[in-house]
Amino acid sequence: MEERFNLIDEGWIPISGKNPASLREIFSATDCSELGGTSIQKLAVLKLLLAIAQRAITPKDTKEWEALGVEGLGKACSQYLEQKHDLFYLHGERPFLQFPILAQWKTNKGEPLPIMPIGRPYHPDIPSDNDTVINQMQLNRIPNDAQKALFLVSIMNYSFGGKRVSYIPPLSEGFDSKGKSAKSGPSLGNYNGYMQSCFWGNTVLETVWLNLLTRWELSQCPQWEKDELIPPWEEMPEGEDDEVARRLKSSYMGTLVGLSRFVLLQKEGVLYAEGIQYPSHKEGWREPFMTLRGEDKVNFLDMGRKPWRNLDALLSLSLSTVDRGITCPQIQMLLPRTRKAVSSFGLYSGGLKVRGNAGDQSVKQTDDFINSLIWLDSQVLGQEWFQTLEAEMKWLETTAFILKRCVSNYLKELKEIKSSLEEVAEGDFWRYCESIFQDIVYACDSPDRLPSIRQSLIRYAEGLYDTYCGHETARQIVSWVKHRPNFRLETKKEG
């Protein structure tokens with residue numbers, strides 16, 4: 001079989017504002033400023049880059065990490081990729097993260113496994129047989145090798161759970177946990193989708209360096225203290241539950257590059273079967289990118305509450321030693337060193353909101369990709385800045401609550417309870433807040449700028465009330481005047 005399309009040499013990684021980059025370009029160039037693509041593609045690619053970096057060189061502690069720097073990391077990873085060049089071919093005798101044995105496997109009817117269309121490669125899934133096609137953009141097209149590579153990397157940790165897989169008997173003798181419905185990828189989760197957070201640098205390589213764990217950080221997680229950090233492309237399992245599969249399932253590498261699907265890319269699609277079954281968060285699955293609520297619960301994605309609204313909670317343990325109920329190990333462990341190492345950095349949170357039905361996960365109705373990136377100035381981070389941020393976040397919550405309450409009271413008086421316009425008004429307010437939130441974060445270091453920002457928010461909230469609360473008829477005008485909010489006064493009362 002011809003070896004072709006090597007991920008080290010060929011461009012396949014989406015880069016904002018530029019052509020797709022190869023792995024070699026990522027680790028040697030400084031002009032790859034930011035990962036592009038969907039939130040899942042960003043997270044999946046970043047985790048692959050981290051897996052390469054952790055294998056190439058894992059510093060002993062923060063001192064070694066600082067000495068390594070961005071340039072040193074790039075050199076170490078480039079050397080590793082040259083040494084392992086033959087392991088990164090997308091096609092060939094040993095295709096990257098794939099199972100050639102699937103080409104020999106037969107269905108229960110003795111037929112070859114069906115080649116499934118990849119369809120829309122921006123989703124870490126293959127289309128259902130009964131997908132409704134509304135327009136030409138939804139038609140299945142054969143993706144090129146760059147798109148196939150991105151799809152392959154994305155499904156390893158973020159594949160949808162469900163029956164859209166070919167059933168094959170267990171490849172590991174004695175393994176009896178396999179059914180016709182596949183479990184979801186470990187980083188997506190088997191409910192609504194996990195919210196994941198990490199640091200963001202000014203270049204892709206800096207982003208990898210900022211998120212690189214040292215041996216000391218790994219030792220803080222007992223299950224990874226002696227992890228050999230062997231990636232799956234160096235040692236692939238032969239089944240779902242052999243020695244290699246069990247090691248991958250419990251290793252830190254499994255959180256970066258899992259094998260939740262056994263696949264083999266074909267010219268017109270993919271052979272696609274369930275792979276290693278990872279535990280859910282209820283069964284103890286944890287990874288540093290996961291955002292947690294307390295010790296036992298995870299923070300799921302919520303289209304009505306975007307991740308940026310949890311910024312103060314994510315920073316609270318590190319900047320104020322107060323537990324606000326939401327934590328992320330990656331942020332909590334690495335924030336102190338990040339503040340010292342770079343003058344500015346971003347906090348990225350995202351994922352894909354999904355929903356389940358009869359064991360199948362899908363994206364429906366309001367579900368969508370979620371991206372949240374907030375930039376922070378290292379020099380101003382401190383308790384005073386954080387207290388100002390907390391106060392502004394509380395003020396935003398109060399203003400949104402007042403707007404929703406006033407619209408609701410107006411609707412109740414006019415007997416329009418079922419219209420749910422108060423929810424729409426609140427959503428519009430939060431979307432506007434999201435568009436200027438970066439300005440709010442920067443202004444927390446210059447409190448004299450905050451009053452003008454609040455004024456613009458109040459004017460917008462008043463405009464929303466006027467938009468959703470009609471005031472044309474005499475009866476409407478009476479109710480409109482009666483319930484119209486005085487945000488300047490009421491926010492002080494609520495506070």
Side-chain angles (χ1 to χ4, degrees), residues 1 51 55 86-87 89-116 124-126 152-153 155-190 222-224 226-266 269-287 359-361:
M1 186 181 295
R55 184 57 171 167
D86 290 347
L87 300 182
Y89 280 105
L90 196 62
H91 308 281
E93 296 297 326
R94 190 177 178 179
F96 183 70
L97 298 181
Q98 297 170 65
F99 281 74
I101 192 175
L102 294 180
Q104 307 168 20
W105 211 262
K106 305 292 184 181
T107 66
N108 292 335
K109 296 180 180 180
E111 300 173 346
L113 292 181
I115 297 177
M116 300 184 180
D125 192 23
I126 58 175
L152 175 69
V153 170
I155 62 174
M156 289 304 158
N157 277 59
Y158 295 93
S159 51
F160 288 8
K163 302 180 181 65
R164 294 180 296 278
V165 293
S166 294
Y167 175 76
I168 60 174
L171 300 176
S172 295
E173 185 177 353
F175 184 68
D176 58 0
S177 299
K178 199 160 191 172
K180 294 187 177 181
S181 182
K183 294 185 70 172
S184 59
S187 298
L188 181 70
N190 56 342
Q223 71 271 32
W224 300 329
K226 298 181 180 180
D227 197 326
E228 297 179 35
L229 300 176
I230 302 174
W233 56 84
E234 286 191 19
E235 191 174 358
M236 290 285 283
E238 295 182 359
E240 307 88 347
D241 196 43
D242 61 12
E243 183 178 348
V244 174
R246 289 192 293 272
R247 174 178 56 75
L248 287 171
K249 187 158 72 169
S250 61
S251 71
Y252 173 56
M253 279 291 175
T255 74
L256 300 176
V257 184
L259 291 173
S260 67
R261 294 293 178 268
F262 291 166
V263 303
L264 182 62
L265 293 172
Q266 304 289 290
V270 61
L271 303 181
Y272 194 76
E274 183 177 23
I276 298 175
Q277 293 182 356
Y278 292 84
S280 71
H281 65 280
K282 286 191 173 182
E283 298 164 319
W285 177 260
R286 293 292 184 270
E287 54 182 90
D360 275 348
Q361 282 182 320

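Just so it is clear, the model here is predicted, and its values are computed rather than measured.
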Output the distance between atom [atom1] ([X]) and atom [atom2] ([Y]), rounded to the nearest 0.5 Å.
| X | Y | atom1 | atom2 | value |
| --- | --- | --- | --- | --- |
| H91 | L265 | NE2 | CG | 6.0 Å |
| L87 | R94 | CG | CZ | 5.0 Å |
| M116 | I126 | CE | CD1 | 4.5 Å |
| Y252 | W224 | OH | CH2 | 7.0 Å |
| N157 | S184 | CG | OG | 11.0 Å |

Minimum heavy-atom separation for [X] to [Y], with atom names?
| X | Y | value |
| --- | --- | --- |
| S159 | L188 | O-CD2, 3.5 Å |
| L152 | F96 | CD2-O, 3.2 Å |
| I168 | A273 | CD1-CB, 3.9 Å |

With a 4.5 Å limit on heavy-atom distance, are the side chains of [X] and [Y] in contact?
| X | Y | answer |
| --- | --- | --- |
| L259 | P237 | yes |
| V263 | M156 | yes |
| P186 | S260 | yes |
| E274 | R261 | yes |
| W105 | L264 | no |
| P170 | D176 | no |

For [X], does the [atom1] atom sit with more than 12 other heavy atoms under 6.0 Å from it, leaving out its own atoms?
| X | atom1 | result |
| --- | --- | --- |
| E283 | CD | yes |
| K282 | NZ | no |
| K226 | NZ | no |

Quick one, Q266 with L271, criterion side chain to side chain contact (heavy atoms under 4.5 Å, CB included). Give me CA distance, side-chain angles, the key distance, then yes/no. CA-CA 7 Å; Q266 304 289 290; L271 303 181; 4.0 Å; yes

Begin with the C-alpha distance, continue with both residues' side-chain angles, and end with the deciding distance and a verdict on side chain to side chain contact (heavy atoms under 4.5 Å, CB included) for V244 and M236. CA-CA 7 Å; V244 174; M236 290 285 283; over 6 Å; no

My understanding is that only residues two or more places apart in sequence, or in another chain, count here; which of them pass side chain to side chain donor-acceptor pair (under 3.5 Å) with K183? none

Name the one of D125, L102, I115, L113 that satisfies side chain to side chain contact (heavy atoms under 4.5 Å, CB included) with Y272?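 One option only clears the test, and that one is D125.
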
Within residues 234-244 or reaching into it, pairs that qualify as side-chain hydrogen bond (donor to acceptor under 3.5 Å, both in side chains) - sequence neighbours excluded: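 side-chain hydrogen bond (donor to acceptor under 3.5 Å, both in side chains) check on residues 234-244 returns R55-E234, Y80-E234, K178-E240, E235-R247.
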
When you measure from the side chain of K249 to the backbone of G254, do you find a donor-acceptor pair of N or O atoms at a distance under 3.5 Å?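 Absent.
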
May I ask you to decide if L90's main-chain N or O and Q98's side chain share a donor-acceptor pair within less than 3.5 Å?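 Flag set: sc Q98 to bb L90 pair under 3.5 Å.
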
Any side-chain donor paired with an acceptor under 3.5 Å for E287 and W285? yes

Regarding Q223 and S250, is there a side-chain donor-to-acceptor distance under 3.5 Å anywhere?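 Note: Q223 and S250 side chains miss the donor-acceptor criterion.
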
